[in-house]
Q: 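The structure's right below; bear with me while I get my questions together.
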Amino acid sequence: MQNKNIRIVLAGPRGNMGSEAVKMVANTNHFNLVAVVDSKHNNMLLKDVPGAPQLDIPVFNDLEECLINHECDVLIDLTTPKTGRRHMEIAFRHGVHPVVGTTGFSEQDIQQLTEIANEKQIGAIIAPNFAIGAILMMKFSQAAAKYFQNVEIIEQHHDKKLDAPSGTAVKTAKMIMENREGMKQGHPDEVETIKGSRGGTFEGIPIHSVRLPGLVAHQEVIFGGHGQTLTIRHDSINRESFMPGVKLAVETVMKLDTLIYGLENIID
């Protein structure tokens with residue numbers, strides 16, 4: 001049975017992800033977009049913001065003020081790690097369930113936010129990637145690691161992305177490590193003639209980041225074994241690919257009383 005009339009505040013409505021999320025929320029019958037939070041355009045209506053959808057939704061530049069003035073069930077935050085963390089703490093204080101699509105949270109951030117969520121018994125979801133296909137790519141890679149110990153990750157994103165490697169790449173590496181011993185790969189006497197040529201490493205797994213205009217979000221995990229390779233790849237062609245995952249997270253977070261990190265933990 002679907003949750004009915006979930007009241008949503010969305011932070012970051014002018015970004016590429018945020019603008020798609022606004023449309024998704026507005027077009028979902030059991031979602032109700034009550035306000036948006038934006039660093040500009042305070043006290044305006046969303047329809048009066050250049051390039052924004054024609055919606056009579058109030059715009060706030062302060063989440064605290066927004067939640068004081070509007071009853072809300074879920075905060076969708078698609079901003080930055082620093083702002084996302086601050087917004088989560090504000091949401092918890094107001095009894096609002098955060099769904100955060102920002103990457104770059106540290107282990108300490110996640111631990112501290114989990115402690116707050118547990119204390120308040122308020123569900124929260126932080127998802128490095130909302131694309132269902134990307135989650136399956138991560139799960140398949142985790143399963144393959146039982147049989148292939150040598151692996152490298154290549155992630156590609158648009159040139160406006162702030163963090164490298166991506167949160168998806170790091171999360172993939174962590175999932176792989178659940179089925180793989182830490183080890184150094186390649187020739188033991190290997191030398192980088194250009195520093196960084198072999199990428200960064202996580203527990204011996206090389207991770208390579210590509211940043212170019214024209215890309216959205218892409219990742220391939222390449223496993224190597226005796227006489228064979230296995231490549232698992234996912235491509236997000238546009239931001240619409242993330243919306244089914246955002247929708248699923250909003251519906252699921254209402255049933256939680258703790259913080260979940262990673263969409264793979266809420267799908268079969």
Side-chain angles (χ1 to χ4, degrees), residues 2-105 113 120 122-127 129-131 158 160-162 216-217 236-254:
Q2 295 278 18
N3 291 302
K4 297 296 182 182
N5 301 319
I6 299 175
R7 298 165 298 182
I8 297 170
V9 166
L10 190 146
R14 288 184 295 114
N16 291 324
M17 273 283 286
S19 59
E20 282 292 338
V22 167
K23 290 188 286 186
M24 181 276 293
V25 173
N27 292 325
T28 301
N29 289 335
H30 57 287
F31 288 177
N32 178 19
L33 184 63
V34 298
V36 297
V37 177
D38 184 66
S39 58
K40 300 179 180 179
H41 311 297
N42 191 41
N43 293 323
M44 293 176 62
L45 294 177
L46 189 59
K47 68 178 182 180
D48 298 323
V49 175
Q54 294 295 296
L55 298 172
D56 290 317
I57 304 298
V59 180
F60 292 83
N61 63 12
D62 182 76
L63 179 62
E64 190 91 52
E65 180 185 358
C66 176
L67 296 183
I68 289 172
N69 286 277
H70 292 275
E71 292 187 4
C72 172
D73 301 306
V74 174
L75 165 71
I76 299 176
D77 188 280
L78 302 168
T79 58
T80 64
K82 183 178 179 180
T83 301
R85 159 135 196 181
R86 180 169 56 83
H87 281 176
M88 288 187 75
E89 292 174 345
I90 293 170
F92 284 138
R93 287 202 299 271
H94 287 267
V96 173
H97 300 72
V99 169
V100 180
T102 305
T103 65
F105 284 96
L113 290 165
K120 301 281 189 180
I122 296 173
I125 294 174
I126 299 174
N129 197 317
F130 279 113
H158 54 90
K160 304 302 182 186
K161 186 170 177 59
L162 297 176
V216 178
S236 280
I237 308 304
N238 55 43
R239 271 81 182 180
E240 188 180 357
S241 65
F242 304 116
M243 293 307 108
V246 176
K247 180 175 179 289
L248 174 64
V250 170
E251 293 167 343
T252 302
V253 77
M254 295 287 292

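Residues: numbered from 1 along the sequence shown.
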Q: Tell me, with the steps shown, if Lys40 and Asn61 meet side-chain contact (heavy atoms from CB on, under 4.5 Å).
A: CA-CA 6 Å; Lys40 300 179 180 179; Asn61 63 12; over 6 Å; no

Q: Once you round to the nearest 0.5 Å, how far does CE of Met44 lie from CG of Leu46?
A: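 These two atoms lie 9.0 Å from each other.
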
Q: For the residue pair Leu55 and Val22, establish whether any side-chain heavy-atom pair is separated by less than 4.5 Å.
A: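 Yes, at least one pair of side-chain atoms sits under 4.5 Å.
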
Q: Tell me, with the steps shown, if Asp77 and Val99 meet side-chain contact (heavy atoms from CB on, under 4.5 Å).
A: CA-CA 6 Å; Asp77 188 280; Val99 169; over 6 Å; no

Q: Under a 3.5 Å distance rule, please check whether Thr80 uses its side chain to pair with a backbone N or O of Thr83 as donor and acceptor.
A: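 Yes, the answer is positive, given that a donor and an acceptor are paired below the 3.5 Å cut-off.
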
Q: Restricting to non-hydrogen atoms, name the atom on Pro98 and the atom on Gly123 that form the minimum distance, rounded to 0.1 Å.
A: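 In terms of heavy atoms, the two residues are closest at CD-O, 3.4 Å.
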
Q: Can you tell me how far CG of Leu33 sits from CE of Met24, rounded to the nearest 0.5 angstrom?
A: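 If I round to the nearest 0.5 Å, the distance is 10.0 Å.
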
Q: For the OG1 atom of Thr28 and the CD atom of Glu251, what is their distance to the nearest 0.5 Å?
A: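 If I round to the nearest 0.5 Å, the distance is 7.5 Å.
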
Q: Determine whether Lys247 and His30 make a side-chain contact, defined as any pair of heavy atoms from C-beta on separated by less than 4.5 Å.
A: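 Yes. Closest side-chain heavy atoms under 4.5 Å.
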
Q: Quick one: closest heavy-atom pair of Pro13 and Val37, and the distance?
A: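 Heavy-atom minimum between the residues: CD-O, 3.1 Å.
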
Q: Just wondering, do Val34 and Val9 contact through their side chains at under 4.5 Å, heavy atoms?
A: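 Yes. Closest side-chain heavy atoms under 4.5 Å.
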
Q: Decide yes or no for His87 and Phe92: does some side-chain heavy atom of the first lie under 4.5 Å from some side-chain heavy atom of the second?
A: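 Answer no - side chains too far apart.
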
Q: Taking all heavy atoms of Phe130 and all of Gly101, pick out the closest pair and write down the distance.
A: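 Heavy atoms only, the tightest pair is CE1-CA, 3.3 Å.
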
Q: Is there a donor-acceptor contact under 3.5 Å from the side chain of Gln54 to the main chain of Lys47?
A: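 Confirmed, Gln54 side chain pairs with Lys47 backbone.
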
Q: Does atom CD of Glu71 have more than 12 heavy-atom neighbours, drawn from other residues, nucleotides or ligands, at distances under 6.0 Å?
A: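 Open: at most 12 neighbouring heavy atoms sit under 6.0 Å from CD of Glu71.
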
Q: Hey, does Arg93 have a side-chain heavy atom less than 4.5 Å from the side chain of Met88?
A: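 No, side chains not in contact.
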
Q: What's the spacing between His97 NE2 and Lys120 NZ if we round to 0.5 Å?
A: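 So the NE2 of His97 and the NZ of Lys120 are separated by 13.0 Å.
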
Q: What's the shortest heavy-atom distance between Thr102 and Ile126, and which atoms?
A: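 Of all heavy-atom pairs spanning Thr102 and Ile126, the closest is O-CG2, 4.2 Å.
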
Q: Given 3.5 Å as the limit, does a donor-acceptor pair link the side chain of Ser19 with the main chain of Asn16, or not?
A: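 Here the side-chain-to-backbone pair exists.
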
Q: Which heavy atom of Val74 sits nearest to which heavy atom of Met254, and what is that distance?
A: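 Minimum heavy-atom separation between Val74 and Met254: CG2-SD, 3.6 Å.
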
Q: Roughly how far, to the nearest 0.5 Å, is OG1 of Thr79 from CE of Met17?
A: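 Between Met17 CE and Thr79 OG1, I get 11.5 Å after rounding to 0.5 Å.
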
Q: Any chance you could lay out the side-chain contact (heavy atoms from CB on, under 4.5 Å) test for Leu67 and Phe60, step after step, and finish with the verdict?
A: CA-CA 10 Å; Leu67 296 183; Phe60 292 83; over 6 Å; no

Q: Under the 3.5 angstrom rule, does the side chain of Asp73 hit a backbone N or O of Ile6 as a donor-acceptor pair?
A: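 Side chain of Asp73 to backbone of Ile6: no pair is present.
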
Q: Shortest non-hydrogen contact from Phe242 to Ala217?
A: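 What the structure gives for the nearest pair is CZ-CB, 4.0 Å.
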
Q: State which residue, out of Asn32, Leu63, Val96, Ile8, fulfils the side chain to side chain contact (heavy atoms under 4.5 Å, CB included) condition with Cys72.
A: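 So, applying the side chain to side chain contact (heavy atoms under 4.5 Å, CB included) to Cys72 and each of Asn32, Leu63, Val96, Ile8, only Val96 qualifies.
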
Q: Answer yes or no: is there a side-chain heavy-atom contact under 4.5 Å between Ser39 and Arg14?
A: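 Of all side-chain heavy-atom pairs linking Arg14 with Ser39, at least one is under 4.5 Å.
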
Q: Please lay out, stage by stage, how Leu113 and Glu89 fare under the test side-chain contact (heavy atoms from CB on, under 4.5 Å).
A: CA-CA 8 Å; Leu113 290 165; Glu89 292 174 345; 4.1 Å; yes

Q: So do the side chains of Phe31 and Asn5 get within less than 4.5 Å of each other, counting heavy atoms only?
A: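 Heavy-atom side-chain distance check fails, nothing below 4.5 Å.
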
Q: Verify the neighbour count for atom CD1 of Ile68: are there more than 12 heavy atoms of other residues, nucleotides or ligands below 6.0 Å?
A: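 Result for CD1/Ile68: enclosed.
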
Q: Please assess Lys23 against Glu240 for the test salt bridge (Lys or Arg N to Asp or Glu O under 4.0 Å), listing each intermediate value before the final yes or no.
A: CA-CA 10 Å; Lys23 290 188 286 186; Glu240 188 180 357; over 6 Å; no

Q: Taking atom CG of Leu10 and atom CG of Leu78, what is their separation to the nearest 0.5 Å?
A: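 These two atoms lie 5.5 Å from each other.
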
Q: Could you check if a side-chain atom of Arg7 sits within less than 4.5 angstrom of a side-chain atom of His70, using non-hydrogen atoms only?
A: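 SC-SC contact between Arg7 and His70 ruled out.
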
